[in-house]
There are 2 protein chains.
Amino acid sequence: MARPATEELRRRNRSALLDRLHRRGPQTRAELTEALGLNRSTIGALASDLSESGHIQETTGRPTGAAGRPSTLVECVPEAATVAAVEVRWKRLRLAVVGLGGTVLRRDEVPIAPGADGAAVAKAAAALLADAEVSDAIAAVPGLVDGGTVAQSSELGWADRDFGADLESATGRVWRVVDVATAAAVGEWSRGDAHGVANLLYLHGGHGLTAGWVVDGRPRRGSSIMLGHIVVNPGGQRCRCGLSGCVEAEMGTFDFSETIDETTIAARLGDTAAREMVRRSGEFLGLALGAVVTATNPDEILFGGWLRELYLSSAAAVRSSLAEATLPQLRARLRLRTAALGAQGPLTGAAEIGFEALMERMRLMWLARQDSNLE
Amino acid sequence: MARPATEELRRRNRSALLDRLHRRGPQTRAELTEALGLNRSTIGALASDLSESGHIQETTGRPTGAAGRPSTLVECVPEAATVAAVEVRWKRLRLAVVGLGGTVLRRDEVPIAPGADGAAVAKAAAALLADAEVSDAIAAVPGLVDGGTVAQSSELGWADRDFGADLESATGRVWRVVDVATAAAVGEWSRGDAHGVANLLYLHGGHGLTAGWVVDGRPRRGSSIMLGHIVVNPGGQRCRCGLSGCVEAEMGTFDFSETIDETTIAARLGDTAAREMVRRSGEFLGLALGAVVTATNPDEILFGGWLRELYLSSAAAVRSSLAEATLPQLRARLRLRTAALGAQGPLTGAAEIGFEALMERMRLMWLARQDSNLE
DNA sequence: GATATTTGTTGCTGTCAGCAACATATGATG
DNA sequence: CATCATATGTTGCTGACAGCAACAAATATC
């Protein structure tokens, strides 16, 4: 039987179409034709494939006020492909089931025992997911992640834990494990304000300080960035990591993750001690940022987790100490902002990482009609 | 006239074939078939195209000792496509004309007056290049480069100089301008020891300290990294950039760029002052590296320019101060080495950047036979 | 209601890559 | 040395694909 040669081209175009719908939301066929640079008739054929396979839905176009026949509106069918995203935190586990196009189909949350190990957390995740059918599953974990293994997580108290294996044995399926900051960076980049920024640095305040990036318009895969352990004060405070003078130690991040709200409120109400603490932390943050900005030259920095609150209360201190540690040419291009998606960032991004893998698979194979006509 | 639809597929495959030959050197058709995952007959057709257009040359295969008909050997014809790479330094200008497959067809070097402006340097480059026909032209410049503009170069004494425009008016062709460290990083990654390392950081010691990267297996485009201005000693030595405590100021890099050889030799011969100077510089370098490693988590760091000599003389100091400023989990994966291509790195990499653009153009169009059969 | 404009649909065409059968070139076996 | 096994290049054929042109459909404008 002749393997259908140029069919790869069709798969590429088909998944490009679906990918665009997933990322940019409902669009007309005319817009898709323009955007993908293909012929009207080709778009028609691709849309017909995707419609038959149930991935998209077409609705007759509404008059736009312009002359001519209104173009058909195309949109993703959320249920056609779903991704499970799980976020592990110190005392709770959160789940989102996200459908094609980014629609959140389900949200759930359960408490977990502080100090629970990977197997226990995986079990809780399995219970939460129950027997939901999803195309892909991603877990976001705070700490240093390498492949499926959590090399080090002070928040969870794990070290060299193969959490991917834990999840696989608890749920019977393959999971991808990423760190929370990388997930959130992807989330903010794909569905937040920072849509399409070429070089984005996302800083996450959890029990520690971590970072995720987008470099040259691609979310960085590789492993995660433990930003909290940049040394800003050599020979300073002893850090729990064993080094001295880490930003994390100097800022006292562990406390912040619990007390950020009261501290910033107190500072705003005029409490001198709180105000001083916020200012000092902002200064150290600015110093660490200086090194990172010099080393990576991003277009934009987003503050997420409790860094969001801290930045809102100490922007001036952050900026002034950043100014002492970065070249003016780099500062000029740089924007500092708080993350738009807030606490939803990590789950949103984790789901998006899952969809990226799904689109990649669609680019490699196509099951829909071939299943029914084998031989 | 019907635009030949699926022809894009052919262009993609053809340029993938040529790209592989360019990067990996001569290969047999059988190896290419295996590597590209295409059919024997398809490889034959592509090779025939490229042979007709003069890009490749096929020679009858030599017996390998294994059974079966020996496979035809395919190799690039260097003269079929050439790239001009120019490296601008404080007192000299270097040129290399590189052919397809990485063969260096010509090398040249002329002195330039210290303090010469962009127009003068461009004129010298035009004279050096003479009327050589090249497919692409790249200039590597020490400093902070943004697009075709040199935002800041202390070595050349330029600021906001549109060197791309200077070159264009002097030579009548478009140039791409990149910074020396980025070029060298690409060179080491594509043709040096660090071939294929996913996350590579190349540090260049010139008048200043700059860096270039490969992230997730792709050379980072974007703008350059002024590593020398990472602040390692807040409130320390005043740096010429206006900040205080930059590594560059603490290390005294400006002196090193002239005196590195005598200093390291003196240190090795037992000169206490030189030895102490080398040790201290190594320590500060390690501190800056700590911040960079924490922020970027590379697999490998290469030392180029005079950092090569410094590292060879102070590896212990670099490693020990790096150990005080980086998490052990990150250090464990990290390799430190000197750059393999040495002084040739920047030119090699600049040429490679040109070839990348050339391959991209081939992917978009194909001129050879269409020129002769228009209509 | 007629015309201009834009879009979806249909049948046709040039091109492509895989395949199978055959030709070619080597090593292994007796 | 002849034959067989093995690996590779070549040729004609095939299923598939995307572009195109002509036509049909749906809207705005006058």
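Hydrogens, waters and symmetry mates are skipped; everything else that's a heavy atom, side chains included, is used. Letters A, B, ... mirror the listed sequences (proteins, then strands); counts begin at 1.
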Query raised in the report: Between D:dA18 atom P and A:Glu7 atom CD, what is the distance in whole Å?
Result: 10 Å

Requested in this report: Whole angstrom is fine here: how far is it from CZ in A:Arg29 over to P in D:dA25?
Outcome: 15 Å

**Report entry** Electrostatic pair B:Arg218-A:Asp216, nearest N-O below 4.0 angstrom
**Finding:** no

Report summary line: Separation between OG1 (A:Thr42) and CG (A:Leu17), nearest 0.5 Å, reads 11.0 Å

Query raised in the report: What's the spacing between B:Arg14 CZ and B:Leu9 CG if we round to 0.5 Å?
Result: 10.5 Å

Requested in this report: Specify the separation, in whole Å, of atom CZ of A:Arg11 and atom P of D:dA16.
Outcome: 13 Å

Query raised in the report: Does B:Arg12 have a side-chain nitrogen or oxygen under 4.0 Å from the phosphate oxygens OP1 or OP2 of C:dA17?
Result: no

Report task. Could you check how far CD of A:Glu31 sits from C1' of C:dT6, rounded to whole Å? Result -> 14 Å

Requested in this report: Check whether any side-chain heavy atom of B:Val83 sits under 4.5 Å from a side-chain heavy atom of B:Val134, and report yes or no.
Outcome: no

Query raised in the report: Mind checking whether A:Val214 and A:Val197 have side chains closer than 4.5 Å, heavy atoms only?
Result: no

Query raised in the report: In whole angstrom, what separates B:Arg10's CZ from C:dG18's P?
Result: 11 Å

**Report entry** Nearest-Å distance for atom pair CD/C1', residues B:Glu8 and C:dT15
**Finding:** 13 Å

Query raised in the report: Taking it one step at a time, do B:Glu7 and B:Arg10 satisfy salt bridge (charged side-chain N to carboxylate O under 4.0 Å, His left out)?
Result: CA-CA 5 Å; B:Glu7 162 185 300; B:Arg10 179 69 151 245; over 6 Å; no

Requested in this report: Respond yes when some side-chain nitrogen or oxygen of B:Asn13 is under 4.0 Å from OP1 or OP2 of C:dA17, and no when none is.
Outcome: yes

Query raised in the report: Say you draw a straight line from OG of A:Ser15 to NE2 of A:His22; how long is it, rounded to the nearest 0.5 Å?
Result: 12.5 Å

Query raised in the report: Contacts to DNA chain C from residues 32-44 of chain A, heavy-atom cutoff under 4.0 Å, which residues?
Result: A:Arg40, A:Ser41

Requested in this report: Take atom CG of A:Leu9 and atom C1' of C:dG18, then tell me their distance rounded to the nearest Å.
Outcome: 15 Å

Query raised in the report: Should the pair A:Glu8-A:Arg11 be classified as a salt bridge under the 4.0 Å nitrogen-to-oxygen rule?
Result: no

Report task. Locate the shortest heavy-atom distance separating B:Val215 from A:Arg220; write the atom from each residue and the value. Result -> CG1-CD, 3.9 Å

Report task. Mind listing the residues from residues 65-73 of chain A sitting with a heavy atom below 4.0 Å of DNA chain C? Number order is fine. Result -> A:Ala67, A:Gly68, A:Arg69, A:Ser71, A:Thr72

